[in-house]
Amino acid sequence: MTDISGSPDGLVVDEAGAGRPVLVLHGGGGPRTIAPISERLAAGAHVLAPTLPGWNGADRPERLQSAADYADALIDHLHRAGLEDVVVIGSSLGGWLTSEMASRNREGRIAAIVVIDGAGILVEGEPIVDFFSLTPREVAEHSWYDPDRFYVDPTAIPADQRELQQANMTTMAAVFGGMNDPTLRGRLSEVRIPALVIWGDSDRIFTPGYGRAYADSFPDGRFELIRDAGHLPQLEQPEATLALIEEFLSGV
């Protein structure tokens with residue numbers, strides 16, 4: 001991917017491929033968590049994969065104080081780049097931003113969205129785990145179908161990487177700390193574009209029941225469950241996840 005300089009809102013965007021524009025948004029784990037999606041889709045699409053302001057050392061402008069602010073900045077980026085017929089794909093917190101963008105799609109630049117184990121809504125009977133109270137091992141237990149495969153003892157991580165991770169967590173807590181906007185679910189009922197909602201069956205941060213309710217919040221929402229996957233099915237079950245995304249893109 002070619003790194004290009006960011007926007008006035010602090011966006012730094014990796015771009016690759018040619019064709020229909022596809023914006024891929026990472027969650028709290030940073031750009032590496034959506035790399036399989038970006039790399040696969042770049043074979044037939046123009047993929048834009050921002051490093052969100054406040055992640056991996058990227059500056060966060062003062063005006064970015066909420067998920068809505070980030071969504072507005074991303075829509076502004078699409079406008080300034082002259083992009084139309086865009087598909088937006090978001091994982092975790094990126095799924096929240098994807099939904100926020102869809103609810104603000106006044107110019108109609110966004111044609112369809114994919115939400116993967118997204119945050120952002122409130123669902124009665126499906127409480128959101130207090131992510132920031134979890135130990136690193138508990139994060140792994142809640143996030144993965146197979147936590148032993150992915151858990152890394154923090155003491156084994158180089159100091160510079162730990163500093164980046166801590167800075168990412170600081171941004172998450174400051175901007176997305178509650179993991180939801182109480183108004184979002186109601187606003188999704190006004191979204192008139194197709195929405196594919198993909199969920200790992202072993203996600204214990206946001207349960208599959210939460211995911212089904214997420215899909216039901218869209219007038220044209222579709223829910224798909226990935227077996228033997230947790231909060232990041234694109235990493236645990238990449239082939240199954242990418243097959244669903246590619247099939248959805250072929251029809252929108």
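These figures come from a predicted structure and were not determined experimentally. Counting begins at 1 with the first residue of the sequence.
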J.: Could you please spell out the steps behind the ring pair (Phe, Tyr, Trp, His ring centres under 6.0 Å) verdict for Tyr214 and Phe206?
T.: CA-CA 10 Å; Tyr214 215 129; Phe206 303 102; 8.5 Å; no
J.: Begin with the C-alpha distance, continue with both residues' side-chain angles, and end with the deciding distance and a verdict on side-chain contact (heavy atoms from CB on, under 4.5 Å) for Asp72 and Asp76.
T.: CA-CA 6 Å; Asp72 286 339; Asp76 183 60; over 6 Å; no
J.: Does atom CZ of Arg227 have more than 12 heavy-atom neighbours from other groups under 6.0 Å away?
T.: no
J.: How long is the gap from CD1 on Ile116 to CD1 on Ile226, to the nearest 0.5 Å?
T.: 9.0 Å
J.: Working to the nearest 0.5 Å, report the span between CZ of Phe150 and NE2 of His231.
T.: 13.5 Å
J.: Nearest 0.5 Å, please: how far is CD in Glu247 from CG in Leu196?
T.: 8.0 Å
J.: Would you find a donor on one side and an acceptor on the other, under 3.5 Å apart, between the side chain of Asp148 and the backbone of Asp146?
T.: no
J.: With heavy-atom distances below 4.5 Å as the criterion, would you say the side chains of Phe248 and Arg222 are in contact?
T.: yes
J.: What pair of heavy atoms forms the shortest contact from Pro50 to Leu11, and how long is it?
T.: CB-CD2, 4.1 Å
J.: Do Leu235 and Arg32 have side chains that approach each other closer than 4.5 Å (heavy atoms only, starting at C-beta)?
T.: yes
J.: Could you check whether any side-chain N or O of Arg204 sits under 3.5 Å from a backbone N or O of Tyr145, counting only pairs where one atom can act as donor and the other as acceptor?
T.: no
J.: Do Leu78 and Glu84 have side chains that approach each other closer than 4.5 Å (heavy atoms only, starting at C-beta)?
T.: no
J.: Is there side-chain contact between Met101 and Thr98, with heavy atoms separated by less than 4.5 Å?
T.: no
J.: For atom CZ of Arg192, is the number of surrounding heavy atoms from other residues, nucleotides or ligands below 6.0 Å larger than 12?
T.: yes
J.: Mind listing the closest non-hydrogen atom pair of Ser38 and Ala49 along with its distance?
T.: OG-CB, 3.7 Å
J.: Can you tell me how far the CD1 atom of Ile157 sits from the CD atom of Gln165, to the nearest 0.5 Å?
T.: 4.0 Å
J.: Is there a donor-acceptor pair closer than 3.5 Å between any side-chain N or O of Asp117 and the backbone N or O of Ser91?
T.: no
J.: Is the closest side-chain donor-acceptor distance between Gln234 and Thr241 under 3.5 Å?
T.: no
J.: Kindly compute the distance separating CG (Leu25) from CG (Leu97), expressed to the nearest 0.5 Å.
T.: 6.0 Å
J.: Fit a plane to each ring of Phe223 and Trp199, take the angle between them on a 0 to 90° scale, and name the class: parallel (under 30°), tilted (30 to 60°) or perpendicular (over 60°).
T.: tilted
J.: Are side-chain heavy atoms of Phe218 and Ile113 found at a separation under 4.5 Å?
T.: yes
J.: Would Arg185 and Glu126 count as a salt bridge (Lys or Arg N to Asp or Glu O under 4.0 Å) here? Give the steps.
T.: CA-CA 14 Å; Arg185 192 177 184 192; Glu126 300 290 349; over 6 Å; no
J.: Can you confirm whether Trp144 sits close enough to Glu236 that some side-chain heavy atom of one is under 4.5 Å from a side-chain heavy atom of the other?
T.: yes
J.: Is there a donor-acceptor pair under 3.5 Å between the side chain of His46 and the backbone N or O of Glu15?
T.: no
J.: In sequence, state the C-alpha distance, the side-chain angles, and the governing distance for Glu100 and Asp181, and then conclude on side-chain contact (heavy atoms from CB on, under 4.5 Å).
T.: CA-CA 10 Å; Glu100 287 282 0; Asp181 178 340; 3.6 Å; yes
J.: How far apart are the C-alpha atoms of Arg212 and Leu225, what are their side-chain angles, what is the distance that settles it, and do they pass the side-chain contact (heavy atoms from CB on, under 4.5 Å) test?
T.: CA-CA 9 Å; Arg212 287 188 177 89; Leu225 194 66; 3.9 Å; yes
J.: Which pair of heavy atoms, one from Ala111 and one from Pro194, lies closest together, and at what distance?
T.: O-CD, 3.4 Å
J.: Just so I know, are the side chains of Asn105 and Ile75 near enough to count as touching, which here means a heavy-atom distance under 4.5 Å?
T.: no
J.: So do Leu74 and Arg104 actually touch side chain to side chain, heavy atoms under 4.5 Å?
T.: no
J.: Is Phe176 reachable from Leu134 through a run of hydrophobic residues whose side-chain heavy atoms are each under 4.5 Å from the next?
T.: yes
J.: Just verifying a value: how many Å separate Ile121 CD1 and Ser99 OG, rounded to the nearest 0.5 Å?
T.: 8.0 Å
J.: Does Trp55 reach the main-chain N or O of Gly28 with its side chain, forming a donor-acceptor pair under 3.5 Å?
T.: yes
J.: I'd like to know if the side chain of Thr171 reaches the main chain of Gly54, judged simply by a donor and an acceptor atom lying under 3.5 Å from each other, with no hydrogens or angles considered.
T.: yes
J.: Counting neighbours of OH on Tyr210 that are heavy atoms of other residues, nucleotides or ligands and sit closer than 6.0 Å, is the number greater than 12?
T.: yes
J.: Are Leu83 and Leu48 close enough, and set up right, to give a side-chain contact (heavy atoms from CB on, under 4.5 Å), and what steps lead you there?
T.: CA-CA 11 Å; Leu83 297 175; Leu48 301 93; 3.9 Å; yes
